[in-house]
Amino acid sequence: MTAQLTNDVSGMTFDMLINGQLVSGSRTLDVIDPATAQVFASCACASEAQLEQAIAAAKAAFPGWAATPIEQRKAIMLQMADAVDAEADTLARLLTCEQGKPLAEALGEVGGVSYFLRHYTQYDLPVEVIEDSESRHIAIHRAPLGVVAAIVPWNFPLVTAISKICSAMITGNTMVLKPAATTPVATLHLGRIVSAIIPAGVLNIVADQNDLGGILSSHPDISKIAFTGSTATGSKVMASASATLKRMTLELGGNDSGIVLDDCDPAEVSAKLFASAFGNNGQICIALKRLYVHETQYEAVCANLAELANNAVVGSGLNADTQLGPVQNRMQYDKLKALIEQTRTQGTIIAGGDCPDLPGYFINPTIVRDIADDAALVTDEQFGPVLPVMSYSNLDEVIARANNTCFGLGNSVWSADSARAAAVAMQLDSGSVWINKHGDIGPDTPFSGAKMSGVGVEMAEHGLMEFTQMKVINLGKNIAV
Ligand code: NAD
């Protein structure tokens, strides 16, 4: 029989990684297990002085790392991937304890960390010759930028961090990484795992109490901010980065719609829609957050979604049968409960709408139908297990409704006719549009937000370019000097 996992971390210490050393913090940070609402770990937390040390270490390491041949940098990344795989079970348990997601999903996220590390080693930064004529030879080189600050949210702490780490390392940048204040533990453990592999100063990891991000985004020794988080904070980052004209990629909030056309099989599509909306308990930037269903399918899809919600197993992510864990933190939990209360008078709750009798931040998966487009649950990013389902009759009208938002991260179209779906997809204003699926992203696919969902591109070669400065070397031929 497999032993029941617990959130006991006694015997483990969660130090920061600064200049190749594992260091305790000038402060400590208590970390809550959202499945119990109790502190389960205490970790190192940086003072401003320690943050300065981390930035200085990354700055000092930059020239050496930038000059290290790319093949050597790749070899280090492959060693990191092996080391992460060897500690996958521990990392996944820590992730579940601090983030709440079911262990199988946590193992998937940890698997993503080593997958990203290996995947990025296939990229090179070849010199691009754009002209080689009698009079000129023009070549585009890609130079690293310097010290990158990676600022990360609490929904996918590890995979969000590694996407930025890989992009920085392969392009020859050094980094200071700051996890979210409610999910630092697995990231600090990752730092411990790779500390003996990475040259000192190339990757520094500091934890904070949600108070050091502003220093990073205005610091003169930081060349680029790779930020993932809410649109409100992204806007602050942009403002504080402006004085030093930092490069930045901002991966921000979303309010993704799904549009179900009139030719879908309701039973088939409903299971996929449910998974798209409730994965990671709805706490995904590209979760399906508003669903529009053609009036001919509306009753059946609503009924199927309600059944799926009512049957979902909600509980601690450490229990093997759990499908949906807790909401990650108290602030988000309170926000969602208030949103559900507000929604009671604006729509009809057909599943959930309440909290199970468990000690942590749990909310039963909630389906709301017959809700107006101007209700907060439809206009705002809920970021949790609550899905509004609206009916439509006309395709042009529903495209306009889906586009009527300041967000533009993703959308999806669901249809038995992929050409018809593609025609709708082209009219949706977002960085990604999926057909018959939602939220399919990975290191081989560029990812960017339209409108207030982001600035710049992450992942794949397009994303890598954002970690480089284009350097054009223009040679005059046949010129006497
Ligand atoms: P948040 O914006 O509150 O925090 C994100 C990070 O920013 C944290 O590390 C936080 O400490 C830091 N921070 C806070 N104030 C700062 C400041 N003034 N300057 C610099 N950094 C600061 O976001 P959250 O609540 O942790 O995460 C949820 C949000 O993230 C949602 O809106 C979600 O859609 C978004 N998100 C987007 C993506 C994407 O790729 N587009 C992915 C995941 C999450």
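Keep in mind that the numbers below use all heavy atoms, side chains included, and drop hydrogens, waters and symmetry copies. Every number for a ligand or one of its atoms is a count from 1 in the order of the listing. Bear in mind the structure is a predicted one, so any value in this text is a computation, not a measurement.
- Each of the following atoms of ligand 1 lies closer than 4.0 Å to a heavy atom of Ile151: 6 (C), 7 (O), 9 (O), 12 (C), 20 (C), 21 (N).
- With ligand atoms numbered from 1 in the order given, ligand 1 contributes 8 (C), 9 (O), 10 (C), 11 (O) to contacts under 4.0 Å with heavy atoms of Lys178.
- The shortest distance between side-chain heavy atoms of Ile165 and Met175 falls below 4.5 Å.
- Asp211 has a carboxylate O that lies under 4.0 Å from a charged side-chain N of Arg27, or vice versa, which qualifies the two as a salt bridge.
- Atom 25 (O) of ligand 1 lies below 4.0 Å from at least one non-hydrogen atom of the protein.
- The atoms of ligand 1 that sit less than 4.0 Å from any heavy atom of Leu409 are 41 (N).
- With hydrogens left out, the protein atom closest to atom 3 (O) of ligand 1 is Thr233 OG1, 3.8 Å, a heavy atom.
- With a heavy-atom cut-off of 4.0 Å, Val237 touches ligand 1 through its side chain alone.
- Protein heavy atom at the shortest distance from atom 21 (N) of ligand 1 is Gly213 CA, 3.5 Å.
- Salt bridge Glu109/Lys101: present, at least one basic N to carboxylate O contact under 4.0 Å.
- Side-chain contact annotation: Thr182 with Glu98, donor-acceptor N/O pair under 3.5 Å absent.
- Counting only heavy atoms of the protein, atom 18 (N) of ligand 1 lies nearest to Lys236 CD, 4.0 Å.
- Ser26 and Ser47 are linked by a side-chain donor-acceptor pair at a separation below 3.5 angstrom, with hydrogens and angles left out of the test.
- A side-chain donor-acceptor contact under 3.5 Å links Asp256 and His438.
- For the pair Glu381 (side chain) and Gly253 (backbone), a donor-acceptor distance under 3.5 Å is absent.
- Scanning the protein for heavy atoms near atom 43 (C) of ligand 1, the closest one is Asn155 ND2, 3.3 Å.
- Using a 4.0 Å cut-off to heavy atoms of Gly253, the atoms of ligand 1 that qualify are 32 (O), 34 (O).
- Between Lys289 and Asp380 no salt bridge is recorded (no basic side-chain N to carboxylate O distance below 4.0 Å).
- The contact set between ligand 1 and Gly214, taken as ligand atoms under 4.0 Å from a residue heavy atom, comprises 17 (C), 19 (N), 20 (C).
- Taking every heavy atom of Val152 and a limit of under 4.0 angstrom, the matching atoms of ligand 1 come to 6 (C), 8 (C), 9 (O).
- In terms of protein heavy-atom proximity, atom 23 (O) of ligand 1 is nearest to Ser230 N, 3.4 Å.
- Under the 30°/60° scheme for interplanar angles, the aromatic rings of Tyr333 and Tyr361 are found to be tilted.
- With 3.5 Å as the limit, one finds no donor-acceptor pair spanning the side chains of Thr468 and Thr171.
- No donor-acceptor contact under 3.5 angstrom links the side chains of Ser24 and Asp15, judged on distance only.
- Residue Phe227 places a heavy atom under 4.0 Å from ligand 1.
- There is no side-chain donor-acceptor pair under 3.5 Å between Thr187 and Lys178.
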I'd like a table of donor-acceptor pairs (distance under 3.5 Å, sequence neighbours excluded) in which one partner is a side-chain atom from residues 149-160, with atom names and distances.
residue: Asn155; atom: ND2; partner: Gln283; partner atom: O; Å: 3.2
residue: Thr160; atom: OG1; partner: Phe156; partner atom: O; Å: 2.6

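- What sits closest to atom 41 (N) of ligand 1 on the protein, heavy atoms only, is Leu252 O, 2.7 Å.
- Geometrically, ligand 1 and Thr228 share no nitrogen or oxygen pair separated by less than 3.5 Å.
- When the heavy-atom distances from atom 32 (O) of ligand 1 to Met238, Lys335, Glu381, Glu458 are ranked, the shortest goes to Glu381.
- For the pair Lys451 and Phe407, the cation does not sit on the ring face, since its NZ or CZ is not both under 6.0 Å from the ring centre and inside 45° of the axis.
- Contact annotation for Phe383 and ligand 1: only side-chain heavy atoms (C-beta onward) come within less than 4.0 Å of the ligand.
- For atom 27 (O) of ligand 1, the nearest non-hydrogen atom of the protein is Pro153 CB, 3.2 Å.
- Nearest residue to atom 42 (C) of ligand 1 from Ala232, Ser217, Ser163, Cys285 is Cys285 (criterion: closest heavy atom).
- Which of Thr160, Asn210, Ile441 comes nearest to atom 11 (O) of ligand 1 through a heavy atom is settled by distance: it is Asn210.
- Taking 4.0 Å as the cut-off, Gly234 does not count as a neighbour of ligand 1 on heavy-atom distance.
- For ligand 1 and Ala180, the ligand atoms under 4.0 Å from any heavy atom of the residue are 9 (O).
- Regarding atom 30 (O) of ligand 1, its nearest protein heavy-atom neighbour is Gly229 C, 3.0 Å.
- Not a single heavy atom of Gly454 sits closer than 4.0 Å to an atom of ligand 1.
- A donor-acceptor pair shorter than 3.5 Å cannot be found between the side chains of Trp434 and Ser432.
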